[in-house]
Amino acid sequence: NVVSSFGWTVFTAADGAEAYEKVIKINPQMIISDVMMPVLDGFQLVSKLKSVDSSVSSIPIILLSARAGEEAPIEGLEKGADDYIVKPFGVNQLMARIRVHFELFRLRTDLENQVQARTKDLSEAAYKLQNFISTMCHEIRNPLNGILNNADLLNVSLQKRAKITNNGFFNEA
């Protein structure tokens, strides 16, 4: 109710298995899940969601739990949760974390889009560079072939002349 009062659409699930199915079907922008759920607990849900393709595994996940202590939050974060809030918590704390994770998700998505665009630009530039190099090699090779052919003819001519004159200036072949 708190989250939906801020204008966000909220989908609920009775257990972790139902939550998993809804996430796959709906592809929400964020997942807020309790750790203690029947069928599939929050840790199992996170692990299962993180093994799906990147459109699902990149969704921010906040776990909520009455399990305090150091081990539970560490376990949740190691499974792939983006945050772990111990109950009881204040509404302002929850809303602040939701805003932060929405912003981080937006920034990460923007960065991924920029990387994809730059990768495409670099790929196109590499293709154009390869074509340029290929063309330049061909253009340089053509005049050089003429020069090399003339040098070979000159060399043969000089060798023949040396044989004819036998003046010792050129060694015989």
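Because the structure is a prediction, the values reported are computed rather than measured.
- For residues 44-53, every residue pair satisfying the side-chain hydrogen bond (donor to acceptor under 3.5 Å, both in side chains) rule, not counting sequence neighbours, is listed here: D53-S55.
- F102 pairs by the ring-ring contact (aromatic ring centres under 6.0 Å, His included) definition with W8, not counting sequence neighbours.
- Clustering of Ile, Leu, Val, Met, Phe, Trp and Tyr by side-chain heavy atoms under 4.5 Å joins V100 with L104.
- Heavy atoms only, all atoms of each residue included: L45 and A19 are closest at CD2-CB, 4.0 Å.
- By the 6.0 Å contact criterion, CD on Q29 is open, its count of non-hydrogen atoms from other residues, nucleotides or ligands being 12 or less.
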Per-pair distances, 0.1 Å, donor-acceptor, side chain in residues 113-137, under 3.5 Å, sequence neighbours excluded:
unit_1, atom_1, unit_2, atom_2, d
N113, ND2, T109, O, 3.3
T119, OG1, V115, O, 2.7
T135, OG1, N131, O, 2.9

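- Here the side chains of I98 and L94 are in contact, with some heavy-atom distance below 4.5 Å.
- Each ring-ring contact (aromatic ring centres under 6.0 Å, His included) pair with one or both residues in residues 9-50, not counting sequence neighbours, would appear here, but there are none.
- No continuous path of ILVMFWY side-chain contacts below 4.5 Å connects I74 to V86, so the two sit in separate hydrophobic clusters.
- Of the inter-residue distances, the one linking L153 atom CG with L148 atom CG reads 11.0 Å to the nearest 0.5 angstrom.
- Among residues two or more places apart in sequence or in another chain, the salt bridge (Lys or Arg N to Asp or Glu O under 4.0 Å) test is passed with D110 by R106.
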Give every donor-acceptor pair under 3.5 Å between a side-chain atom in residues 76-84 and any protein atom, sequence neighbours left out.
unit_1, atom_1, unit_2, atom_2, d
D82, OD2, I61, N, 2.8
D83, OD1, R97, NH1, 2.7
D83, OD2, R97, NH1, 3.4
D83, OD2, H101, NE2, 3.0
Y84, OH, S65, OG, 3.2
Y84, OH, R67, O, 3.3

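- Both M36 and I31 are part of a single hydrophobic cluster, where members link through side-chain heavy atoms under 4.5 Å apart.
- Put simply, the side chain of I59 does not reach to within 4.5 Å of the side chain of L49, judged on heavy atoms.
- The shortest distance between side-chain heavy atoms of I85 and L63 does not fall below 4.5 Å.
- Applying the side-chain contact (heavy atoms from CB on, under 4.5 Å) test to A96 and every residue at least two apart in sequence or in another chain returns R99.
- Grouping the Ile, Leu, Val, Met, Phe, Trp and Tyr side chains by contacts below 4.5 angstrom, directly or via other members, places M30 apart from V56.
- Residues V35 and L64 fail the side-chain proximity criterion, which asks for heavy atoms closer than 4.5 Å.
- Judged as a salt bridge (Lys or Arg N to Asp or Glu O under 4.0 Å), and not counting sequence neighbours, the contacts of E18 are K22.
- For residues 30-43, the pairs satisfying salt bridge (charged side-chain N to carboxylate O under 4.0 Å, His left out) are D34-K87, with sequence neighbours left out.
- Using a 4.5 Å cut-off on side-chain heavy atoms (C-beta onward), L111 and R108 make no contact.
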